[in-house]
Structures are given as C-alpha cells and as structure tokens.
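We use all heavy atoms of the structure for the numbers below, so side chains are in, but hydrogens, waters and symmetry mates are not. In what follows, every chain begins at residue 1, and chains take the letters A, B, ... in the order their sequences are listed.
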Amino acid sequence: MSARDAVYGVVRTIPRGKVLSYGGVAELVEGVYVSARTVGRIMASAPPDVPWQRVVARDGELVIARRSPLMAAEQRRLLALEGVGFSSDGRVRMDEHAWAPGGTLFSE
DNA sequence: AACTTGACGTGAC
DNA sequence: AGTCACGCCAAGT
C-alpha cells in the first residue's frame, strides 16, 4: 500500500458537496504517515476518478490558485456544481462544507 | 543515487 | 493581520 493509493482512497470517500483540508486528508490516512504537504504533492498527479476539487486548504483557500488560476477556476466550477458555497473572498465556507467522517463536528 | 521542489500547516515575529 | 521560516517526504530531474 503506497502513500499515494492511501491518499487517493481517502479523497474518494469525501461526499459530494463536502470538502476536506490537506491536513484533514493526512489525518484520515491510516497505516502510513503522510504530512499535509505530502498530500498536496500526491494530489498534483491525481487520476481522473479522484474528486481532487474537494481538497482545499484548512482555511478554505483554493491552494491551486497559487500556481494555476485556470485550474482554480475549474475547481471552483466543479464545487459550485456540487452546491458548495464560497465567501466573498473566494474561499470555501468551511463552516458549512468541511467534512468530518462519521458525522459533522458542528452537529447541533 | 543525490538533489531539488513543492495542490500545506503551524508557529514566531 | 501579514510575512517568514521550517518540518514534512513523494516525485521529478
């Protein structure tokens, strides 16, 4: 089991309309330790069946925007199609869409 | 096989 | 609140 497959496995479990931070993905990976940065490194070559758009920075920023504005626009489009909302500064509303496995932390 | 480079996150100024 | 430095380690060169 490579770190790569483990990371993709976790990302594939993120529900539609929800997002997870790089660090969040890292924490959910079992068996092998991976850092948030490693998740990012691995996401750079994500296969088409992985919902890469659902992984954002902890504060909701679309990190890809730092390198590719075009991809950022694409990510934003895909998320919008899933019903994910953005705040005025262009970041995902983490208070509404951050995903916590097995039940939301904001429950209640 | 050695060296560099980051889709990050955190803490110190 | 905005930099800056750095740990982390898979991939690319």
Under 3.5 Å, side-chain donor or acceptor atoms of residues 28-37 of chain A against the rest of the protein: list the pairs with distances, not counting sequence neighbours.
residue	atom	partner	partner atom	Å
Ser35(A)	OG	Thr38(A)	N	3.1
Ser35(A)	OG	Thr38(A)	OG1	2.9

Close residues, residues 4-17 of chain A, relative to DNA chain B [heavy-atom separation under 4.0 Å]: none
Contacts of type side-chain hydrogen bond (donor to acceptor under 3.5 Å, both in side chains), residue Gln75(A), not counting sequence neighbours: none
Contiguous pairing runs of three or more, Watson-Crick or G-U under 3.5 Å, that involve DNA chain B: B:2-6 with C:9-13, B:8-13 with C:2-7
Output all residues satisfying side chain to side chain contact (heavy atoms under 4.5 Å, CB included) with [X], sequence neighbours left out; order by chain, then residue number.
X        : value
Arg41(A) : Ala44(A)
Pro48(A) : none
Ser88(A) : none
Leu81(A) : Arg77(A)

How long is the span from the [atom1] atom in [X] to the [atom2] atom in [Y], to the nearest 0.5 Å?
X        : Y        : atom1 : atom2 : result
Phe86(A) : Glu96(A) : CZ    : CD    : 12.0 Å
Met43(A) : Tyr22(A) : CE    : OH    : 6.5 Å
Met94(A) : Leu20(A) : CE    : CG    : 7.5 Å

Salt bridge (Lys or Arg N to Asp or Glu O under 4.0 Å) contacts touching residues 80-90 of chain A (sequence neighbours left out): Arg54(A)-Glu82(A), Asp89(A)-Arg91(A)
Residue pairs fulfilling salt bridge (Lys or Arg N to Asp or Glu O under 4.0 Å) with at least one residue in residues 4-16 of chain A, sequence neighbours excluded: Arg12(A)-Asp49(A)
First-last contacting nucleotides on DNA chain C - partner chain A, under 4.0 angstrom, heavy atom: dG7(C) to dG12(C)
Minimum side-chain heavy-atom gap Val11(A)-Val55(A) below 4.5 Å: yes
Contact pattern, 5' to 3', of nucleotides 3-13 of chain B - B, S or - by protein heavy atom under 4.0 Å: ---BBBSS---
